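Worksheet: one structure, shown below.
Just so it is clear, the model here is predicted, and its values are computed rather than measured.
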Amino acid sequence: MSRIRPHVGIIMGSQSDWPTMKHAADILTALGVSFETKIVSAHRTPDRLYSYAKGAKAAGLKVIIAGAGGAAHLPGMAAAMTVLPVLGVPVESKALKGQDSLYSIVQMPAGVPVGTLAIGEAGAKNAGLFAAEILALSDPALAERLEDWRKQHSADVAETPVQG
């Protein structure tokens, strides 16, 4: 059985980030995009982060989605060690409701970009979509699936509210 090489890496700082990051995985699954998921903590497993980010391109990845809460250094540190696009998802934290995560990810210094999405579930879903859009630039079949997904997403919106 041959394993498809993943095109997207979804990394997160801890297991507690998975309920948020799962939404990125769900979008990629729906669009037929290959991905892998890893726990890679910037603070607790820096060697793992270094190996992952430095080896991502050689491993065949094309985009990295990095979710982190609190100090949220994971997306920026990953971006500093790869030329692949890194999409940062601020995970909602208990103390500051994800604002700390957002500021940590969005305020990258010039020269080390991280495409920063919304806090929480919406950000994770949009990161999955954004990764698919990036890949669709060179994958016509994915571009068609993405277009179909968007049409269906629009069709699912009711024209009038349900009176109840």
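Taken to the nearest 0.5 Å, the CD1 atom of Ile10 stands 6.5 Å off from the CE atom of Met12. Note that OG of Ser138 and NE2 of His7 are 8.5 Å apart. Values are rounded to the nearest 0.5 Å.
Side-chain contact between Lys57 and Val83 is present, with at least one heavy-atom pair separated by less than 4.5 Å. By the 4.5 Å heavy-atom criterion applied to side chains, Tyr50 and Met81 are counted as neighbours. Taking 4.5 Å as the limit, every side-chain heavy atom of Ser34 sits out of range of all side-chain heavy atoms of Val8. The side-chain heavy atoms of Ile39 and Trp18, taken from C-beta on, include no pair separated by under 4.5 Å. For the pair Leu135/Glu133, no side-chain contact is recorded, criterion being any heavy-atom separation below 4.5 Å from C-beta on. Within the 4.5 Å cutoff, the side chain of Ser93 has no heavy atoms near those of the Gln99 side chain. Counting heavy atoms from C-beta on, the side chains of Val89 and Met21 come closer than 4.5 Å.
For the pair Thr116 (side chain) and Val114 (backbone), a donor-acceptor distance under 3.5 Å is present. Although no hydrogens or angles enter the test, the distance criterion places a donor-acceptor pair under 3.5 Å between the side chain of Asp17 and the main chain of Gly13. Looking at Arg145, its side chain does come within 3.5 Å of a backbone N or O of Leu31 through a donor-acceptor pair.
Evaluation of the salt bridge (Lys or Arg N to Asp or Glu O under 4.0 Å) rule for Lys94 yields no partner, not counting sequence neighbours.
Under the 3.5 Å distance criterion, with hydrogens and angles disregarded, a donor-acceptor pair is assigned to the side chains of Asp156 and Gln152.
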message: Tyr52 vs Thr82, test: side-chain contact (heavy atoms from CB on, under 4.5 Å). Steps then yes/no.
response: CA-CA 9 Å; Tyr52 189 85; Thr82 185; over 6 Å; no
- prompt: What's the verdict on salt bridge (Lys or Arg N to Asp or Glu O under 4.0 Å) for Arg5 and Glu36, showing C-alpha distance, side-chain angles and the deciding distance?
  reply: CA-CA 9 Å; Arg5 280 176 65 156; Glu36 65 181 15; over 6 Å; no
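The minimum heavy-atom distance between Pro85 and Ile134, with the atom names listed, is CB-CD1, 4.3 Å. Among all heavy-atom pairs drawn from Pro90 and Ala118, the shortest one is CD-O, 3.3 Å. The heavy-atom pair separating Ile11 from Ala78 by the smallest distance is CD1-CB, 4.3 Å.
For the side-chain contact (heavy atoms from CB on, under 4.5 Å) test with Leu117, the passing option among Leu102, Asn126, Val106, Leu129 is Asn126; the others fail.
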Compile the donor-acceptor pairs under 3.5 Å between side chains in residues 60-74 and protein atoms, sequence neighbours left out, one pair per line.
unit_1, atom_1, unit_2, atom_2, d
His73, ND1, His43, NE2, 2.7

